[in-house]
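I have placed the structure first, in the form of structure tokens, so that the comments after it can refer back to it.
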Amino acid sequence: MRVIVVWGVSTLTLLVLAGLLPDFQLQSADGESLTRTAVTAALGAGAFGLLGALVWPVIVRALLLVPALVLGLLVFFLNGSLLLIALWLVPESGAAAEPETAVAVAAVMSAVASATATALAVRDDDAYRRRLYRLASRTRPRGRTAEGAPGPAHGTVFLQLDGVGHRVLREAVVGGLMPTVAQWLDTTHRLTPWRTDWSSQTGASQLGILHGTNEDVPAFRWYEKDTGRLMVSNRPAAAAELQRRAVARTRDGGLLTADGASRGNLFSGGADQLALVLSVAARRGRRNRSRSGYFAYFADPANAVRTAGSFVAEAVREMAQSTRARVRGQQPRVSRGGAYPFIRAFATVVERDVVVAAVMGDMLAGRTAVYADLVAYDEVAHHSGPHGHDTDRVLARLDRSIALIAEVATHAPRPYRVVLLSDHGQSPGPTFASVYGLTLKDLVRAGCGLPVSRRVRRTRSGSEARDAARDALRSALHRPLEDDAGEAAEVDTRRPSEPVVLASGNLGLVSFPGVPHRMTREEIDRVHPALLRTLAGHPGVGFLLVASEEHGSVVLGPDGAEVPVAELGDDGPLAVFGPGAAEAVRRTDRFPHVADIMVNSMYDPATGTVHAFEEQIGSHGGLGGEQGHPFLMSPTDLSAPPEDLVGAERVHRVLRGWLRECAGPQVPLKIAPPPGAVREGFPADGRVVREARD
């Protein structure tokens with residue numbers, strides 16, 4: 001009966017569209033009887049439905065290697081082609097449509113059929129479950145029963161709300177933006193803050209959470225002298241290498257090795273079921289299943305149409321919000337033009353929809369552990385700031401996704417516990433360049449006695465103090481200016497005078513590739529006597545970390561402050577950064593690939609602001625403010641995490657303990673991948689090339 005009703009509604013939709021659209025007809029030019037036209041519409045709707053059910057999944061699977069954005073656009077044209085074929089299959093029919101009209105008609109048909117089928121199945125649990133199985137392409141429900149237990153053991157779903165800090169979540173709950181989360185906190189869940197390591201970013205945090213170690217991950221991007229590699233955490237080859245190192249260090253596959261699924265993450269966590277996982281995206285062949293989530297979602301043309309429509313709406317929304325901010329003169333502000341509206345739409349719509357669909361399929365398949373990353377808030381907060389109308393709307397939509405996952409859990413073959421967590425927060429503030437009129441790279445080059453970009457002179461700084469600091473710097477060093485075009489040149493790593501300057505939010509890294517070892521303060525002073533003094537004395541810099549022949553390593557701060565790392569405490573130059581800052585710096589100092597100079601921006605505790613060394617007004621990556629304070633929200637029937645929870649590695653141990661409580665201990669991977677397993681496709685040479693902005 002449900003099929004007949006959907007068929008009837010689709011037939012009526014075709015008749016209405018034929019009456020409204022001049023380029024779409026269901027009868028010949030000579031005219032046909034109303035009965036004949038209705039029969040043509042019924043046969044056309046039926047053929048379109050059958051083609052959508054039988055042919056569409058085959059087409060989408062054949063296009064898995066097409067980039068996701070291209071696939072999202074192709075679905076409209078493919079759907080229109082199916083409609084033209086369906087009309088052609090109707091015998092002795094005068095039905096016809098222009099190709100562009102067929103695209104529109106097919107989109108409306110898919111949306112109406114999907115809405116009708118969903119409405120009819122609202123109160124039918126079995127139908128609802130079957131639809132979700134089909135949506136996620138799952139066919140094997142399996143729930144594992146614990147020995148001696150009356151029913152299936154609990155499964156666990158970990159939902160990472162990327163970049164949502166502890167304070168942001170609390171304010172969203174109090175402000176009514178996230179009613180589902182608020183209800184959970186009132187009834188079934190507890191909220192626990194935790195502190196990140198110095199490198200407060202997804203690469204370090206998620207590697208530690210999923211694989212139990214983030215050792216030797218000093219930042220989001222860094223230069224490795226021993227290999228000549230420029231490591232960037234969100235590049236597939238780098239993510240694969242970081243995962244390989246973590247598995248080799250722990251001799252364990254990861255958090256998800258026992259019947260786990262990894263969705264939308266940088267790393268697999270040892271899971272067998274993968275979708276949109278960056279560390280396997282560089283692989284070729286059958287083992288690369290990172291795109292399987294796209295097939296699972298886009299196999300339903302109604303999902304494709306709905307997501308594509310939402311994608312366009314989100315891109316238009318971003319353009320409108322950006323224009324409004326520019327007209328109002330909103331500060332701080334960064335450029336939001338170019339491809340950014342589409343990048344934002346992909347993160348907040350396409351990736352969200354695909355990941356949520358994959359998680360629902362995992363629960364209906366009864367998987368033991370699922371870890372998924374929802375990146376929407378983090379992407380928007382970088383460009384709009386962590387607080388405000390733009391991010392409020394994203395948080396509200398994330399709450400609806402959480403509610404949908406919770407609803408699906410009631411139809412799963414086993415009970416599920418849902419854990420919410422974040423990998424870091426975001427700290428607001430104008431960029432370093434907008435405040436001081438020069439980038440960190442400009443400042444480092446000036447301190448090294450190298451030409452400085454002309455834009456330093458042209459950029460208008462925001463106060464007399466900033467002008468004075470910049471003019472004094474240039475006057476003291478007597479350096480010439482170079483054209484902006486010189487900034488686009490490659491850096492020759494064989495020249496020790498050419499520093500490699502990288503930014504990870506408000507954390508900067510300076511390396512001298514021509515020196516094979518980590519340079520000491522004394523060596524830097526001999527080659528570039530003004531550099532460390534210039535950096536440490538700049539008002540936009542909070543402190544520096546540099547090796548020392550005399551003291552091992554030292555922290556340099558404003559007003560000539562100098563403290564050996566071994567004697568470092570949460571006072572002195574690090575007092576403003578709060579408890580735990582000294583230990584975080586001490587830990588990073590031991591990393592083999594720590595930069596020659598680690599630069600952390602200033603932090604104002606009164607306003608909570610930092611200065612990112614990138615074009616971001618919401619940033620994370622270093623010490624200072626909300627970026628280092630994510631959250632962990634867990635069901636109260638799981639053991640309580642420690643109150644002083646510090647570091648992603650400790651979070652991993654907490655999550656692993658919860659998996660044991662729910663479904664038994666995880667199975668460690670006994671044999672790590674061979675050292676060269678992921679080195680292919682990751683060339684290293686003697687030059688560092690300027691990378692495209694993320």
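The structure presented is a predicted model; accordingly, all values stated were derived computationally and were not measured.
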When you check the side-chain N and O atoms of Asp226 and His593, is any donor under 3.5 Å from an acceptor?
yes

Could you pull out the closest heavy-atom pair between Ser199 and Ala219, with the gap in Å?
OG-CA, 3.3 Å

Judged by modelled atom types alone, do Tyr371 and Gln160 share a side-chain donor-acceptor pair under 3.5 Å?
yes

Is there a side-chain contact between Ile597 and Leu509 in this structure, where contact means two heavy atoms from C-beta onward sitting under 4.5 Å apart?
no

Would you kindly say whether Glu215 and Thr213 are connected by a side-chain donor-acceptor distance under 3.5 Å?
no

Does the salt bridge (Lys or Arg N to Asp or Glu O under 4.0 Å) test come out yes or no for Glu224 and Arg245, once each step is laid out?
CA-CA 14 Å; Glu224 298 188 345; Arg245 294 177 185 179; 2.9 Å; yes

Regarding Arg249 and Asp216, does a basic nitrogen lie under 4.0 Å from an acidic carboxylate oxygen?
no

Would you please indicate yes or no on a ring centroid separation below 6.0 angstrom for His611 and Tyr603?
no

Looking at Ala240, is its backbone amide N or carbonyl O close enough to the side chain of Ser279 to form a donor-acceptor pair, meaning the two atoms are under 3.5 Å apart?
no

Val157 side chain near Leu159 side chain, heavy-atom distance below 4.5 Å
yes

Could you go step by step and tell me if Asp373 and Arg263 meet the salt bridge (Lys or Arg N to Asp or Glu O under 4.0 Å) rule?
CA-CA 7 Å; Asp373 188 9; Arg263 309 300 186 187; over 6 Å; no

Main-chain N/O of Ser335 paired with Tyr340 side-chain donor or acceptor, under 3.5 Å
no

Could I get the full list of side chain to side chain donor-acceptor pair (under 3.5 Å) partners for Asn600, not counting sequence neighbours?
Trp198

Derivation and outcome, side-chain contact (heavy atoms from CB on, under 4.5 Å), residues Met598 and Leu507
CA-CA 7 Å; Met598 301 285 289; Leu507 178 63; 4.1 Å; yes

Pick from Leu161, Asp392, Thr391, Leu395: which one makes a side chain to side chain contact (heavy atoms under 4.5 Å, CB included) with Val168?
Leu395

Just verifying a value: how many Å separate Glu241 CD and Met231 CE, rounded to the nearest 0.5 Å?
5.5 Å

Between Arg344 and Glu318, is the salt bridge (Lys or Arg N to Asp or Glu O under 4.0 Å) condition met? List the steps.
CA-CA 8 Å; Arg344 165 175 164 170; Glu318 160 55 27; 2.5 Å; yes

For Ala325, enumerate each residue passing the side chain to side chain contact (heavy atoms under 4.5 Å, CB included) test, keeping only those at least two apart in sequence or located in another chain.
Gln330, Arg333, Arg336

Interatomic spacing from CZ in Arg586 to CG in Leu574 - rounded to 0.5 Å
9.0 Å

Going by heavy atoms in the side chains, are Ser511 and Trp222 under 4.5 Å from each other?
no

Any non-hydrogen side-chain atom of Val349 less than 4.5 Å from a side-chain atom of Arg352?
yes

Should the pair Arg393-Glu314 be classified as a salt bridge under the 4.0 Å nitrogen-to-oxygen rule?
no

Side chains of Leu207 and Val217 in contact at under 4.5 Å (non-hydrogen atoms):
yes

Distance check, rounded to the nearest 0.5 Å: Phe158 atom CZ versus Leu210 atom CG?
9.5 Å

Look only at the side chain of Arg195 and the backbone of Gly647, and say whether a donor-acceptor pair between them is shorter than 3.5 Å.
no

Mind checking the OG-CD spacing from Ser200 to Gln627? Nearest 0.5 Å is all I need.
4.0 Å

Separation of Asn506 CG from Leu623 CG (nearest 0.5 Å)
8.0 Å

Residues at least two apart in sequence or cross-chain that pass side chain to side chain donor-acceptor pair (under 3.5 Å) with Asp378, listed by chain then number, are His382, Gln426, His620

Using the side chain to side chain contact (heavy atoms under 4.5 Å, CB included) rule, pick out the option among Phe432, Phe543, Phe613 that qualifies with Ser601.
Phe613

Test: salt bridge (charged side-chain N to carboxylate O under 4.0 Å, His left out). Region: residues 160-171. Which pairs qualify, not counting sequence neighbours?
Arg167-Glu171, Arg167-Glu626

Separation of Ser233 OG from Asn214 CG (nearest 0.5 Å):
10.5 Å

Would you kindly say whether Glu523 and His517 are connected by a side-chain donor-acceptor distance under 3.5 Å?
yes

According to side chain to side chain contact (heavy atoms under 4.5 Å, CB included), who are the partners of Thr607, at least two apart in sequence or on a separate chain?
Asp604, Thr609

I'd like to know if the side chain of Lys441 and the backbone of Pro499 have a donor-acceptor N/O pair within less than 3.5 Å.
no

I'd like to know if Glu649 and Arg587 make a salt bridge, using a cut-off of under 4.0 Å between side-chain N and carboxylate O.
yes

Are any side-chain N or O atoms of Ser262 and backbone N or O atoms of Phe267, one a donor and one an acceptor, separated by less than 3.5 Å?
yes

Heavy-atom side-chain contact between Ile209 and Leu421 under 4.5 Å:
yes

Check: Gln201/Ser504 side-chain N/O donor and acceptor closer than 3.5 Å
no

pair His383-Ile617: side-chain heavy atoms closer than 4.5 Å:
no

One pair to check against side-chain hydrogen bond (donor to acceptor under 3.5 Å, both in side chains): Ser268 and Gln243. What are the steps and the verdict?
CA-CA 8 Å; Ser268 73; Gln243 181 172 313; 2.8 Å; yes

Is there a donor-acceptor contact under 3.5 Å from the side chain of Ser422 to the main chain of Gly165?
no

Residues which pass side chain to side chain donor-acceptor pair (under 3.5 Å) with Asp589, listed by chain and number, not counting sequence neighbours
Arg518, Ser553

Whether Asp197 and Arg650 form a salt bridge (side-chain N of Lys/Arg under 4.0 Å from carboxylate O of Asp/Glu) is what I want to check.
no

Cut-off 3.5 Å, side chains only: do Thr202 and Asp423 have a donor facing an acceptor?
yes

Taking Gly580's backbone N and O only, do any of them form a donor-acceptor pair with Asp570's side chain (distance below 3.5 Å, no angle check)?
yes

Please step through side-chain contact (heavy atoms from CB on, under 4.5 Å) for the pair Leu632 and Val654, ending with a clear verdict.
CA-CA 10 Å; Leu632 181 60; Val654 171; 4.3 Å; yes

Side chain Gln206, main chain Leu266, donor-acceptor under 3.5 Å
yes

